[in-house]
Engineer: 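My questions will all concern the structure given below.
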Amino acid sequence: MSDDAAGDAVRLCVTNAKGGTGKTTVAINVAGALARRGHEVLFVDLDPQGNATEGLGFPAAYDAEPPTLLDALTSTAHRDAAGDLIRDHAELDLLPSNTDLLHAEHELTIADLVARAGSRSEVDVDPDELGRLSLNLDPGIVSGEGGHAVDQLDRVLDRIDDPYDYVLVDTPPFYGRLTDNAMYAAPNLLIPALTEATSERAIELLFDQVAVLESETGIEVSDVGVVANRVETTNEDAEMIEWFQTVFPDVPVWEVRKRVALQRAFSNGTSIFEYDDGVDMADVFLDVADSVDARFGTPEATR
């Protein structure tokens with residue numbers, strides 16, 4: 001295990017705007033595979049629906065009173081709250097989602113407008129007036145110098161002192177301010193996708209979202225790999241696997257086939273490794289973890 005805090009750990013963003021891809025299941029099992037390889041993993045549930053938080057066994061955290069992750073994202077007074085929110089799980093640490101995150105898109109949009117109004121003289125809007133439209137926003141979270149407010153999660157993670165090898169962020173199933181914050185803080189994308197034609201449009205939207213984010217912020221977002229999920233033995237599945245390989249020629253495309261055990265593990269609040277590591281798809285997730293370790297030069301650890 002390294003001595004890196006969350007601010008220095010390798011950060012991965014698991015994202016796809018198309019719903020129903022099994023994104024959270026993939027995220028939990030990749031985190032479980034990294035943990036199985038001896039790494040300390042922080043799992044950040046940035047999805048306002050809180051599927052990972054409840055699925056990992058923390059429904060009380062999802063319904064908890066403030067301060068919550070929303071407060072850490074939108075208030076300088078609660079920037080350090082995230083460290084106190086972290087929950088211990090058998091395989092990983094969890095920074096939980098909360099029902100309050102349902103307001104995050106609104107709050108972060110206002111924050112973005114405040115930043116833009118403060119940094120661009122041609123925008124004739126009083127930032128203080130904009131701030132009054134928010135429910136929870138502390139205008140002090142944005143300096144206005146960059147003209148955007150997508151670095152809030154990055155700032156939160158930088159304030160977490162616990163040592164981690166990896167931070168894995170599970171995003172909402174849509175592209176907005178939360179997902180922009182996730183990709184800014186964790187610009188290494190792991191993309192779950194179904195082997196069906198509708199995935200093509202979802203990937204195109206992802207490319208567009210990344211291009212805008214890179215243009216506005218100057219960061220570089222990289223693809224780590226594609227996890228083709230719930231793969232079956234049909235012509236459409238084979239054609240989509242080939243399409244993924246063509247569109248992502250420089251990164252692996254892993255195939256996760258349908259297994260009831262994966263859903264049972266999720267219902268049990270664990271990854272497949274804690275539930276039944278004899279299931280064949282466990283090897284696929286271990287291969288993902290091995291590839292990630294190799295890419296970032298993170299050797300397998302011993303706990």
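One-based numbering along the sequence shown.
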Engineer: Suppose we screen for side-chain contact (heavy atoms from CB on, under 4.5 Å). Which residues come up paired with A265, at least two apart in sequence or across chains?
Structural biologist: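 Applying side-chain contact (heavy atoms from CB on, under 4.5 Å) to A265 gives T270, I272, Y275.
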Engineer: Are the side chains of V227 and L190 in touch, meaning some heavy atoms are under 4.5 Å apart?
Structural biologist: yes
Engineer: Using residues 202-215 as the side-chain source, report each donor-acceptor pair under 3.5 Å to any protein atom, sequence neighbours left out, with the distance given to one decimal.
Structural biologist:
| from | atom 1 | to | atom 2 | distance (Å) |
| --- | --- | --- | --- | --- |
| E204 | OE1 | R201 | NH1 | 3.4 |
| Q209 | NE2 | D180 | OD1 | 2.9 |
| E214 | OE2 | V221 | N | 2.8 |

Engineer: Pick one: which of V44, L94, L42 meets side chain to side chain contact (heavy atoms under 4.5 Å, CB included) with I86?
Structural biologist: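 Only match with I86 under side chain to side chain contact (heavy atoms under 4.5 Å, CB included): L42.
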Engineer: Any salt bridge (Lys or Arg N to Asp or Glu O under 4.0 Å) involving residues 185-195? Give me the pairs, sequence neighbours left out, ordered by first then second residue.
Structural biologist: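 Output for this query is empty, none listed.
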Engineer: Do other residues, nucleotides or ligands put more than 12 heavy atoms under 6.0 Å from the CD atom of E236?
Structural biologist: yes
Engineer: Output yes when E232 and R230 qualify as a salt bridge under the 4.0 Å nitrogen-oxygen rule, no when they do not.
Structural biologist: no
Engineer: Please name the residue in the list L168, V169, V224 that meets the side chain to side chain contact (heavy atoms under 4.5 Å, CB included) test with V14.
Structural biologist: L168
Engineer: State whether a side-chain donor-acceptor pair under 3.5 Å links N188 with S222.
Structural biologist: no
Engineer: Applying salt bridge (Lys or Arg N to Asp or Glu O under 4.0 Å), which residue pairs with at least one partner in residues 275-285 are found, sequence neighbours left out?
Structural biologist: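 Sorted result for residues 275-285: R36-D277, R259-D280.
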Engineer: Mind checking whether Y175 and T15 have side chains closer than 4.5 Å, heavy atoms only?
Structural biologist: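 Yes, side chains in contact.
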Engineer: Under 4.0 Å between a Lys/Arg side-chain N and an Asp/Glu carboxylate O for R11 and D158?
Structural biologist: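 A salt bridge links R11 with D158.
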Engineer: Apply ring pair (Phe, Tyr, Trp, His ring centres under 6.0 Å) to Y166 and list each qualifying residue two or more places apart in sequence or on a separate chain.
Structural biologist: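 Ring pair (Phe, Tyr, Trp, His ring centres under 6.0 Å) list for Y166, sorted by chain: H39.
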Engineer: Pairing donors with acceptors under 3.5 angstrom, does anything connect the side chains of S271 and E91?
Structural biologist: yes
Engineer: For residues 18-28, which side-chain donor-acceptor pairs fall under 3.5 Å, sequence neighbours excluded?
Structural biologist:
| from | atom 1 | to | atom 2 | distance (Å) |
| --- | --- | --- | --- | --- |
| K18 | NZ | E196 | OE2 | 3.4 |
| K18 | NZ | T198 | OG1 | 3.4 |
| T21 | OG1 | K23 | N | 3.4 |
| K23 | NZ | D170 | OD1 | 2.9 |
| K23 | NZ | T171 | O | 2.4 |
| T24 | OG1 | D170 | OD2 | 2.8 |

